[in-house]
Amino acid sequence: MNIGILGLPLTGKTTLFNLLTSQHKQTNSFTARKIKNIGVAKVADDRVDYLSSIYQPKKTTHATIEVIDIPGISSDIPEKEKQNVFTQIQNVDALLMIVRVFYDTLIPGTTDPLSQIESLVYEILLRDLEITENRINRLNQSKRKLTRQEEMEKQVLEKCYQYLSNDKLLISQSLTEEDSKLLSGFGLFTLKPIIVVINLDEDQLRNNQFPNQEKFNQFIKNHQMASIPICGKLEMEINELTEEERQVFLEDLGFQETGIERLSHVLYRHLGLISFFTVGKDEVRAWTIHEGTMAVKAAGKIHSDIERGFIRAEVVRFEDFKQLGSMQKLKEKGLLKVEGKDTIIEDGDIINFRFNV
Ligand SMILES: Nc1nc2c(ncn2[C@@H]2O[C@H](COP(=O)(O)OP(=O)(O)OP(=O)(O)O)[C@@H](O)[C@H]2O)c(=O)[nH]1
Ligand SMILES: [Mg+2]
């Protein structure tokens with residue numbers, strides 16, 4: 001799973017990237033026109049930390065997300081260069097758009113969140129119009145008769161083109177499974193789920209108030225996006241603190257978790273992702289799956305052999321485990337369930353797969 005960070009210049013993209021991936025890439029690098037930064041973000045989950053404290057395994061593995069950071073998108077970048085920049089995030093699973101609301105006289109650019117999100121949406125609509133138009137033209141210019149598959153492709157692309165022409169994101173269009181499949185290879189930007197990070201200053205974050213808030217929120221809702229307020233500057237400060245200091249600092253702000261932790265929850269919820277866990281002396285590990293995944297498919301996440309040779313899944317709820325403290329007690333209480341192939345896995349299930357190959 002991977003996400004691309006998209007925003008106007010100097011909105012805090014690289015700062016956010018560094019926070020997510022614990023890297024130290026140069027900020028303010030717009031003029032350098034570096035094409036991208038890539039890193040891996042650990043998905044915060046205190047359930048994994050808890051399981052690890054109980055099992056004391058050799059290795060603890062959190063879920064991870066690959067993050068791609070690109071230069072800011074602005075209207076004065078030459079079209080060709082802009083296309084290049086967009087190509088860097090064409091295959092990501094979701095877009096993390098960042099809008100800057102914090103005020104800083106030294107940093108140029110607008111602080112209106114609404115105008116920024118409108119510009120970004122406009123840009124991805126343009127990209128998708130281009131992608132669909134190019135493909136339709138190519139099909140129209142074909143010298144030979146189109147295959148049935150190509151005919152179908154043309155039809156759905158024309159439908160998409162119309163939709164985009166009316167300033168609508170493709171993600172809000174209801175598509176059949178077949179249409180989705182036909183479109184999946186084109187890297188269409190407006191088909192990707194969008195999470196918007198609102199980069200506030202400290203006071204705005206404390207008061208949960210910022211200019212143009214109502215209209216902005218309405219826009220987010222209308223376009224089926226999710227949003228989350230953070231303060232990049234504060235997050236950097238929080239990063240420097242010890243665990244204890246951090247708790248006090250966050251409490252004072254009125255939060256229980258850091259902005260980066262809150263962001264990973266919002267991301268999971270918006271993308272319909274959940275985690276299940278495997279535990280043992282060697283490794284405690286979180287695995288990411290889509291809501292509604294069957295046990296046998298979850299097994300395949302770990303290894304195709306386990307999917308192929310699936311016999312059963314022994315499942316325990318994380319909350320039950322935390323309450324009772326040991327697998328033995330769970331067994332005695334009948335809280336260890338033996339499940340078959342097509343049982344739907346729930347968020348927080350601790351699973352032991354039995355298989356035979
Ligand atoms: N005051 C304040 N400054 C911030 C915040 N977040 C980032 N900055 C500053 O804004 C400037 C730009 O930050 P970057 O993270 O480089 O922004 P960017 O969007 O990656 O910039 P480009 O890649 O050049 O488009 C830096 O000087 C940051 O320190 C914030 O929350 N508050
Ligand atoms: Mg940057």
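Order of listing sets the numbers, starting from 1, for every ligand and every atom in it. Because the structure is a prediction, the values reported are computed rather than measured.
- Listed by atom number, the atoms of ligand 1 under 4.0 Å from D104 heavy atoms are 1 (N).
- Checking only distances, G232 does come within under 3.5 Å of ligand 1, N or O to N or O.
- Close approach of ligand 1 to P9 is summarised as follows: ligand atoms under 4.0 Å from at least one heavy atom of the residue are 25 (O).
- Shown here is E177, whose CD atom has no more than 12 heavy atoms of other residues, nucleotides or ligands within 6.0 Å.
- Note: an N/O pair closer than 3.5 Å links T11 and ligand 1 by distance alone.
- Other residues, nucleotides and ligands contribute over 12 non-hydrogen atoms within 6.0 Å of the CD atom of E130.
- Under 4.0 Å from ligand 1, not a single heavy atom of D69 appears.
- Although no hydrogens or angles enter the test, the distance criterion places no donor-acceptor pair under 3.5 Å between the side chain of K154 and the main chain of N137.
- The atoms of ligand 1 that sit less than 4.0 Å from any heavy atom of I107 are 9 (C), 10 (O), 11 (C).
- Not a single donor-acceptor pair under 3.5 Å links the side chain of E346 to the backbone N or O of F276.
- Checked for salt-bridge contact, R135 and E153 meet the test: a charged N lies under 4.0 Å from a carboxylate O.
- Looking at ligand 1, you won't find any N or O of F102 less than 3.5 Å from one of its N or O atoms.
- Ligand-side atoms of ligand 1 in range of N199: 5 (C), 6 (N), 31 (O), range being under 4.0 angstrom from any heavy atom.
- Ion pairing of R317 with D349 is present here, as a side-chain N (NZ or NE/NH1/NH2) and a carboxylate O approach within less than 4.0 Å.
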Show which side-chain atoms of residues 262-269 pair as donor or acceptor with protein atoms under 3.5 Å away, not counting sequence neighbours.
from	atom 1	to	atom 2	distance (Å)
R262	NH1	P229	O	3.1
R262	NH2	P229	O	3.2
S264	OG	E261	O	2.9
H265	NE2	E257	OE1	3.4
H265	NE2	E257	OE2	2.8
Y268	OH	T288	OG1	2.8

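- In this structure, of K233, M236, R100, the residue bringing a heavy atom nearest to atom 29 (O) of ligand 1 is M236.
- Between K13 and ligand 1, an N or O atom pair is found at a separation short of 3.5 Å.
- Atoms of ligand 1 found under 4.0 Å from any heavy atom of T27, numbered from 1 in the order shown, are 14 (P), 15 (O), 16 (O).
- Side-chain N/O atoms of Q155 and E151 include no donor and acceptor closer than 3.5 Å.
- Both the backbone and the side chain of T15 come within contact range of ligand 1, each with a heavy atom under 4.0 Å.
- Taking 2.8 Å as the criterion, T27 does not count as a coordinating residue of the Mg ion (ligand 2), since none of its N, O or S atoms falls below it.
- When each atom of ligand 1 is checked for a heavy atom of T14 under 4.0 Å away, the hits are 15 (O), 18 (P), 20 (O), 23 (O).
- Near G72, meaning under 4.0 Å from any of its heavy atoms, are these atoms of ligand 1: 25 (O).
- Salt bridge annotation for E237-K233: absent, with no cationic side-chain nitrogen under 4.0 angstrom from a carboxylate oxygen.
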Using side chain to side chain donor-acceptor pair (under 3.5 Å), reason through D76 and S74 one step at a time and then give a plain yes or no. CA-CA 5 Å; D76 51 344; S74 79; 2.3 Å; yes
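- Ligand 1 lies out of reach of D201, whose nearest heavy atom is not under 4.0 Å from it.
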